[in-house]
Visitor: 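Quick one: this structure, given as structure tokens, is what I'll be asking you about.
We count residues from 1, following the sequence as given. Computed over heavy atoms, backbone and side chain alike; hydrogens, waters and symmetry mates excluded.
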Amino acid sequence: MVLLPAFLDGLARSVSLKKGKYIPEDEDGGGEIAKSLMKDAKKNLTLLGSSGFVKSETSKRFTSICSNRGEKGINQDRAIVWEEFGCQEDITFCGMFDGHGPWGHVITKRVKKLFPSSLLCQWQQTLASLSLSPECFSPFDIWKQSCLKTFSLIDLDLKIHPSIDSYCSGCTALTAVLQGDHLVVANAGDSRAVIATTSDDGSGLVPVQLSVDFKPNIPGISPKAFPYLTVKVFRWKDSIQLELTIVEIVRGVKERRKSAKRLVERAMMLWRRKRRSIAMDDISALCLFFHPS
């Protein structure tokens, strides 16, 4: 089990909600430390919140992001990737948020800002609460509890925020945490995660959908239920490589930094071909490669 360095023990301190904002109990609280780590990650180029790519010096992973504004106004999509999440070399965090409604762009911006630091705090708090018997809990159990708490806290933050009207607006939240050889996917909404794995006969790559789309018209989904949230864990063989959405398109891109852009361009082309009468939506993609080229 990977534990945070001793100087991050402050992350285990409780975080409260006051006046619609996350406020640590004191100036040295976990929330402030997490925010400081995010700033350092931006300076070290291991955190990306816009179109581009991330390849840290110590990680063998590679991440590409691309977002294109549609024809409906402000781009309500937001994506983020944080390699060496919380100063842990073997952990990568990814998030994709698709806003809807008149306040969708405001909500996705806030969720993107709050989610990584909040998840980091909840993860450390969960580790601290299990410190007496860590061998009884798998990394998946720890991340599942952390994700559930984070989704609930952010949902509450949006409900009580004095400057955000979330009654008819919101966003999807698709997050993935890659720790060692474990991939934990938590999803609320209808953004989608896909993994590319080798076929049974070893002849090529095949796509496997990791997340479940949550829509009111899906059998068994109650429109009144909240949160629409599933958390799953996956393990993979050494030959598996993570590619999102259309596997063959990503596979055919020679430069990995262009993989997300190529997916978005293909999606735009298909939209124009099949939905000419409908204004194009915002289209975004995030590609995370597990292994070096």
Visitor: Counting N and O atoms only, with roles assigned by atom type, does the side chain of Glu71 sit under 3.5 Å from a partner on the main chain of Met280, one being a donor and the other an acceptor?
Guide: yes
Visitor: Does Phe97 have Arg78 sitting over its ring (NZ/CZ under 6.0 Å from centre, angle to axis within 45°)?
Guide: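 No, cation not above the ring by the 6.0 Å, 45° rule.
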Visitor: Could you check whether atom NZ of Lys72 has more than 12 heavy atoms from other residues, nucleotides or ligands sitting under 6.0 Å from it?
Guide: yes
Visitor: Given Tyr167 and Trp103, is the side chain to side chain contact (heavy atoms under 4.5 Å, CB included) satisfied, shown in steps?
Guide: CA-CA 9 Å; Tyr167 185 76; Trp103 287 78; over 6 Å; no
Visitor: Using every non-hydrogen atom in the two residues, find where Leu174 and Ala193 come nearest and quote the distance to one decimal.
Guide: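 Shortest heavy-atom separation between Leu174 and Ala193 comes out as CD2-N, 3.6 Å.
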Visitor: Between Phe53 and Leu48, what is the shortest heavy-atom contact and its length?
Guide: N-CD2, 3.4 Å
Visitor: What pairs with Lys261 under side chain to side chain contact (heavy atoms under 4.5 Å, CB included), at least two apart in sequence or on another chain?
Guide: Cys66, Glu265
Visitor: Are the aromatic ring centres of Phe62 and Phe290 under 6.0 angstrom apart?
Guide: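 No, the ring of Phe62 stays outside the 6.0 Å limit from the ring of Phe290, centre to centre.
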Visitor: Check the surroundings of atom NZ in Lys113: do more than 12 heavy atoms from other residues, nucleotides or ligands lie under 6.0 Å from it?
Guide: no
Visitor: Are Trp271 and Val264 grouped together when hydrophobic residues (ILVMFWY) are joined by side-chain heavy atoms under 4.5 angstrom apart?
Guide: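 Same cluster: Trp271 reaches Val264 through Ile, Leu, Val, Met, Phe, Trp or Tyr contacts under 4.5 Å.
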Visitor: According to side chain to side chain contact (heavy atoms under 4.5 Å, CB included), who are the partners of Asn75, at least two apart in sequence or on a separate chain?
Guide: Ser67, Arg69, Asp77, Asp282
Visitor: Enter the distance from Ile74:CD1 to Thr108:OG1 here, rounded to the nearest 0.5 Å.
Guide: 9.5 Å
Visitor: Using the side chain to side chain contact (heavy atoms under 4.5 Å, CB included) rule, take Ile65 and Val81 through it: C-alpha gap first, then chi angles, then the decisive distance, then the call.
Guide: CA-CA 8 Å; Ile65 295 177; Val81 60; 3.8 Å; yes
Visitor: Which value, rounded to the nearest 0.5 Å, describes the distance between Cys171 atom SG and Lys112 atom NZ?
Guide: 12.0 Å
Visitor: Ile154, Ile164: one ILVMFWY side-chain cluster at the under-4.5 Å cut-off?
Guide: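 Hydrophobic grouping puts Ile154 with Ile164.
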Visitor: Phe85 and Trp82: aromatic ring centres closer than 6.0 Å?
Guide: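 Yes.
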Visitor: Test Lys144 against Val184 for side chain to side chain contact (heavy atoms under 4.5 Å, CB included), laying out the working first.
Guide: CA-CA 8 Å; Lys144 180 177 182 178; Val184 179; 5.9 Å; no
Visitor: Between Leu37 and Cys87, is there a side-chain heavy-atom distance shorter than 4.5 Å?
Guide: yes
Visitor: Do Phe140 and Phe93 share a hydrophobic cluster (ILVMFWY, side-chain heavy atoms under 4.5 Å, transitive)?
Guide: yes
Visitor: To the nearest 0.5 angstrom, please state how far the OG1 atom of Thr172 sits from the CD atom of Gln76.
Guide: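 The OG1 atom of Thr172 sits 10.5 Å away from the CD atom of Gln76.
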Visitor: What's the spacing between Glu84 CD and Thr46 OG1 if we round to 0.5 Å?
Guide: 5.5 Å
Visitor: Looking at every non-hydrogen atom in both residues, tell me the closest pair between Gln179 and Pro139 and how far apart they are.
Guide: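 Taking Gln179 first and Pro139 second, the nearest heavy atoms are OE1-CB, 4.0 Å.
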Visitor: Heavy atoms, side chains only, cut-off 4.5 Å: are Leu153 and Asp155 in contact?
Guide: no
Visitor: Let me confirm one number: the CD1-CD distance from Ile142 to Gln122, rounded to the nearest 0.5 Å.
Guide: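 Output value for this atom pair is 13.5 Å.
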Visitor: Quick check: does any side chain N or O of Gln209 sit under 3.5 Å from a backbone N or O of Ser211, one acting as donor and the other as acceptor?
Guide: yes
Visitor: Do Arg273 and Met269 come close enough that some side-chain heavy atom pair is under 4.5 Å?
Guide: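 Heavy-atom side-chain distance check passes, below 4.5 Å.
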Visitor: Just how far is it from atom OG1 of Thr63 to atom CZ of Arg256, taken to the nearest 0.5 Å?
Guide: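 It comes to 10.0 Å.
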Visitor: NZ of Lys149: more than 12 outside heavy atoms within 6.0 angstrom?
Guide: yes
Visitor: Verify side chain to side chain contact (heavy atoms under 4.5 Å, CB included) between Val177 and Trp123, making sure each step is shown before the conclusion.
Guide: CA-CA 11 Å; Val177 176; Trp123 180 58; over 6 Å; no
Visitor: List the atom of Ser118, the atom of Thr150, and the distance in Å for their closest heavy-atom pair.
Guide: OG-CG2, 3.6 Å
Visitor: So with a 6.0 Å cut-off around CG of Leu270, is the heavy-atom count from everything else above 12?
Guide: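 Counting other residues, nucleotides and ligands, CG of Leu270 exceeds 12 neighbours.
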Visitor: Assess, by modelled atom type and distance only, whether the side chains of Arg61 and Thr92 contain a donor and an acceptor separated by less than 3.5 Å.
Guide: yes
Visitor: I need the minimum non-hydrogen distance between Ser146 and Thr126, along with the two atoms involved.
Guide: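 Reported closest heavy-atom pair: OG-OG1, 3.4 Å.
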